[in-house]
Amino acid sequence: MNIDDYTVVTLDFETYYGRGYSLGRADTNTIDYVCDPKFKIHCVGVKVDDDPVQMFREDEMSEFEQFMSELSNLGEPIALLCHNTAFDAFILHHHFDWHPNFYLDTMSMSKGMFVGAPASLKNLSMRLWPAESGMRKGEELALSKDIRDLPPELMDIIADYCVQDVTLTYEAFKLMFEHFPDDEMTLIHINIRMFAEPWFLIDTQLIQDEIDDQVESKKAAFKAAGLPQTVLSSNQKFGIYLETQGYDLPVKENAKGTLIPALGQKDWPFLKFMAAHPELAHVFEGRKFAKSAIQESRARRFLSTAGNLGGKMPVPLRYYGAHTGRYSGGEKLNLQNLPRLDKYDPTSGRLRKSLVAPEGYSVIVSDLSNIEARVLAWVSGQEYLIQMYKDGGDPYLFMASKIYDFNYDETMEIRREPTKARPDVHPDHDPDFRKPQRNVGKVSVLGLGYGMGASKFWVTMNTGPMGMAPVMMTEQEAQAIVDTYRTTNFAVVDYWRECEQIIEEMVQHRTDIRFGPLEVHGTNLIMPNNMALQYPNLCAVPDARGTSFQYSPELTPRGELKTRKYLWGGTLTENIVQALARIIITEQSIQIENYLDETFGLDRARTVHMVHDELIVIGPEEHAETIYNKMVEIMSTPPTWAPDLPLECEGGFARNYIK
């Protein structure tokens with residue numbers, strides 16, 4: 001973007017907070033906070049380009065509103081700049097109905113530039129100006145806690161605090177902007193707009209149906225378990241129950257090296273225990289409901305959001321929510337992993353289906369098919385897989401044929417659906433033929449490409465992989481599947497070893513080494529979009545197994561790694577594949593956004609949601625098919641830096657989000 005084309009308005013709201021009402025509460029998100037009757041603006045600081053900061057206090061909100069209106073009427077496009085722009089932009093949307101032409105955000109820029117490091121304005125300021133004590137965020141805001149009506153003296157202090165925040169934000173932006181790719185600035189803009197300018201409506205009846213269903217499912221799970229909720233939810237009581245049934249409890253070491261029961265839902269010994277005891281599946285299911293009600297809680301938050309916003313649903317995503325640059329869900333709504341529809345279950349996918357386009361508009365969806373598996377095949381040079389994707393084959397079924405020793409071509413023919421080119425079908429036509437085996441092949445292709453071992457694969461299959469029912473197998477059978485995958489996909493295994501060598505080069509701070517579409521630059525891997533996979537403070541650490549590679553975004557005062565993260569060939573492979581897949585879909589999203597802007601205008605059609613492999617647009621109903629076809633065209637075209645990468649996408653359009 002050319003920043004000179006915009007009037008940059010740097011802004012920061014200071015608002016009332018106190019006990020029982022703050023964004024720090026586990027049960028509160030930005031929507032709850034801003035829409036609450038207790039919400040109150042103490043003051044707002046505004047800086048237009050390089051001009052001094054102007055301060056508007058709580059009794060000057062009408063003047064502030066007039067000031068912002070006059071800015072909009074000047075005729076120049078406005079870029080709104082804040083630190084955590086989603087918060088300030090949502091206030092502007094909800095309380096002032098004011099929207100800029102472009103959103104800028106130094107918090108998002110910090111997340112992309114200093115991956116994994118704390119992105120608060122306080123931390124960013126210390127990182128950018130380590131030796132300048134005058135460039136520090138103040139602590140004065142704490143003085144206003146629990147005080148709804150600030151006395152004049154305190155108001156002056158908070159106003160000065162606000163001026164400093166605005167100044168720091170603007171100066172931080174100027175420093176980072178020089179090094180930030182234009183496409184990433186556009187992605188930040190789209191990301192914040194999806195939250196601050198919601199287009200989705202919510203079908204509240206579907207949400208209520210989901211809540212009712214979850215409540216009944218919970219009751220049924222407790223009844224099937226045959227245990228009271230107090231036993232299922234308590235680690236101590238649940239452990240006693242298992243012991244009385246004759247089971248040895250799984251154990252783990254605590255921080256002091258003492259063995260203690262391992263009964264947490266994510267404890268590896270407990271997961272192995274679950275896999276080894278399928279006869280307790282009904283008890284484990286009851287415990288899952290007792291320990292967590294994620295789906296019910298999320299449905300209730302959908303309902304409260306609809307109530308707060310007149311039936312609308314913002315899409316809050318965290319830019320660079322993962323180390324690889326992927327987005328993650330935000331605001332306790334997590335719209336990144338909404339359960340999909342199951343064609344055999346009409347009650348499935350209610351949360352997804354509840355997201356509806358306005359009257360006269362359609363939700364248009366296209367997602368990249370098998371994008372991670374395709375990128376992995378491409379970077380590793382696994383030629384048979386690349387060719388299979390080009391030919392429209394089925395890698396999941398092919399892998400299953402290797403595992404279960406059946407004829408792949410014959411099975412493909414039995415499963416084949418009729419087409420105009422080939423209207424005939426096999427006499428034994430069955431589109432679900434060998435579906436259970438194909439599911440195992442699918443989990444193998446998607447799960448074993450990053451070095452997963454037999455033990456973890458066994459647990460994954462026996463406890464229900466990827467939303468599927470458990471697939472019971474022995475550890476020996478799991479080992480055989482892992483061996484078959486690695487023998488069949490030898491180039492992928494070789495790529496893990498190549499990644500190990502690259503890690504060693506990064507430890508030595510080597511530069512200018514090409515590695516496929518990447519370039520080694522110290523402890524960073526520069527990607528095709530000029531962002532980096534970052535492994536700060538990467539080092540080789542002697543351990544019980546010889547040497548391990550570890551890194552951390554921060555160091556302790558003693559110079560030691562603050563948060564140890566481990567890196568090996570399989571992990572680096574996963575990071576590279578996911579980062580490249582992210583670049584592909586985000587580049588496509590910008591192309592689609594440009595097409596929508598040029599063809600319809602962003603006031604009639606725009607991107608409203610983005611998942612790891614999926615783009616969602618809302619556009620005029622009469623143009624839905626045209627938009628969908630253009631999305632397919634764009635998303636089937638490989639990027640310039642990977643011209644031989646075979647891409648394919650699928651999707652559709654409807655009044656609601658049903659893909």
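- In this structure Tyr551 satisfies the ring-ring contact (aromatic ring centres under 6.0 Å, His included) test together with His323, Tyr535, sequence neighbours excluded.
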Tyr33 and Tyr21: ring pair (Phe, Tyr, Trp, His ring centres under 6.0 Å), yes or no, with the steps? CA-CA 7 Å; Tyr33 179 81; Tyr21 174 66; 4.6 Å; yes
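- Summarising the geometry of Ala306 relative to Thr204, their closest heavy-atom pair is CB-CG2, 3.8 Å, with the distance given to 0.1 Å.
- The side-chain heavy atoms of Arg606 and Val617, taken from C-beta on, include no pair separated by under 4.5 Å.
- Put simply, the side chain of Leu355 reaches to within 4.5 Å of the side chain of Phe302, judged on heavy atoms.
- Ion pairing between a basic and an acidic side chain is recognised when a charged N comes within 4.0 Å of a carboxylate O; Asp146 and Arg19 show such pairing.
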Side-chain donor-acceptor distances from residues 565-572 under 3.5 Å, at least two apart:
residue, atom, partner, partner atom, Å
Trp568, NE1, Thr571, OG1, 3.1

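- At least one side-chain heavy atom of Leu333 sits less than 4.5 Å from a side-chain heavy atom of Thr305.
- Although no hydrogens or angles enter the test, the distance criterion places no donor-acceptor pair under 3.5 Å between the side chain of Trp199 and the main chain of Pro314.
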Run the numbers on Arg582 and Tyr320 for side chain to side chain contact (heavy atoms under 4.5 Å, CB included), then give the verdict. CA-CA 10 Å; Arg582 183 265 189 190; Tyr320 253 83; 3.8 Å; yes
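- Of the charged side-chain nitrogens involved, at least one lies within less than 4.0 Å of a carboxylate oxygen, so that Glu648 and Arg374 count as a salt-bridged pair.
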May I have the step-by-step check of side chain to side chain contact (heavy atoms under 4.5 Å, CB included) for Phe87 and Leu23, ending in yes or no? CA-CA 10 Å; Phe87 174 75; Leu23 279 173; 3.7 Å; yes
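- The stretch residues 436-459 participates, sequence neighbours left out, in these salt bridge (charged side-chain N to carboxylate O under 4.0 Å, His left out) pairs: Asp394-Arg438.
- In Lys252, the NZ atom is crowded: over 12 heavy atoms of neighbouring residues, nucleotides or ligands sit closer than 6.0 Å.
- With salt bridges taken as basic N to acidic carboxylate O contacts below 4.0 Å, none links Glu410 and Arg415.
- When all heavy atoms are compared, the tightest approach of Glu477 to Thr474 is OE1-N, 2.8 Å.
- Asn489 places no side-chain N or O within 3.5 Å of a backbone atom of Val492 that could act as its donor or acceptor partner.
- A donor-acceptor pair is defined here as one N or O able to donate and one able to accept, closer than 3.5 Å; such a pair exists between the side chain of Thr586 and the backbone of Ile583.
- In this structure, Glu621 does not pair ionically with Arg655, as no charged nitrogen and carboxylate oxygen lie closer than 4.0 Å.
- Phe195 meets the ring-ring contact (aromatic ring centres under 6.0 Å, His included) test with Phe90; sequence neighbours excluded.
- Between Met388 and Pro395 there is a side-chain heavy-atom pair separated by less than 4.5 Å.
- Distance alone, capped at 3.5 Å, places no donor-acceptor pair between the His277 side chain and the Glu279 backbone.
- Residues Ile658 and Arg352 have side chains not in contact (no heavy-atom distance under 4.5 Å, counting atoms from C-beta outward).
- Checked for salt-bridge contact, Arg326 and Glu372 meet the test: a charged N lies under 4.0 Å from a carboxylate O.
- Remark: Met466 CE to Met461 CE distance equals 9.5 Å, nearest 0.5 Å.
- A search for ring-ring contact (aromatic ring centres under 6.0 Å, His included) contacts involving Phe398 returns Tyr384, Tyr408, not counting sequence neighbours.
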The test is side chain to side chain contact (heavy atoms under 4.5 Å, CB included); show your working for Ile403 and Gln437 and say whether it passes. CA-CA 8 Å; Ile403 294 169; Gln437 293 94 331; over 6 Å; no
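- In this structure, CE in Met313 is found 7.0 Å from CD1 in Ile207, a value given to the nearest 0.5 Å.
- Taking every heavy atom of both residues into account, Leu385 and Ala377 meet most closely at CB-CB, 3.7 Å.
- A cation-pi arrangement is absent between Arg434 and Tyr404 under the rule of less than 6.0 angstrom and at most 45 degrees off the ring axis.
- Residue pairs meeting the salt bridge (charged side-chain N to carboxylate O under 4.0 Å, His left out) criterion with at least one partner in residues 284-295, sequence neighbours excluded, are Glu285-Lys288.
- Panel note: side chain Thr324, backbone Ala579; no donor-acceptor pair is recorded below 3.5 Å.
- Between Met631 atom CE and Asp367 atom CG the span is 9.5 Å, to the nearest 0.5 Å.
- Side-chain contact check for Ile364 versus Ile618: every heavy-atom pair is 4.5 Å or farther apart.
- With a 6.0 Å radius and a threshold of 12 heavy atoms from other residues, nucleotides or ligands, Asp345 has its CG atom above the threshold.
- Glu210 and Gln214 share a donor-acceptor pair across their side chains, judged by distance under 3.5 Å alone.
- Between Asp27 and Asp32, the closest heavy-atom pair is O-OD2, 3.6 Å.
- Taking the side chain as every heavy atom from C-beta outward, Glu650 and Ser366 never approach each other to under 4.5 Å.
- The environment of Glu359 atom CD is sparse: at most 12 non-hydrogen atoms of other residues, nucleotides or ligands sit within 6.0 angstrom.
- Looking at Asn334 and Arg298, their side chains come closer than 4.5 Å, going by heavy atoms from C-beta outward.
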Side chain to side chain contact (heavy atoms under 4.5 Å, CB included) between Thr258 and Glu253, intermediate numbers included: CA-CA 5 Å; Thr258 305; Glu253 283 190 3; over 6 Å; no
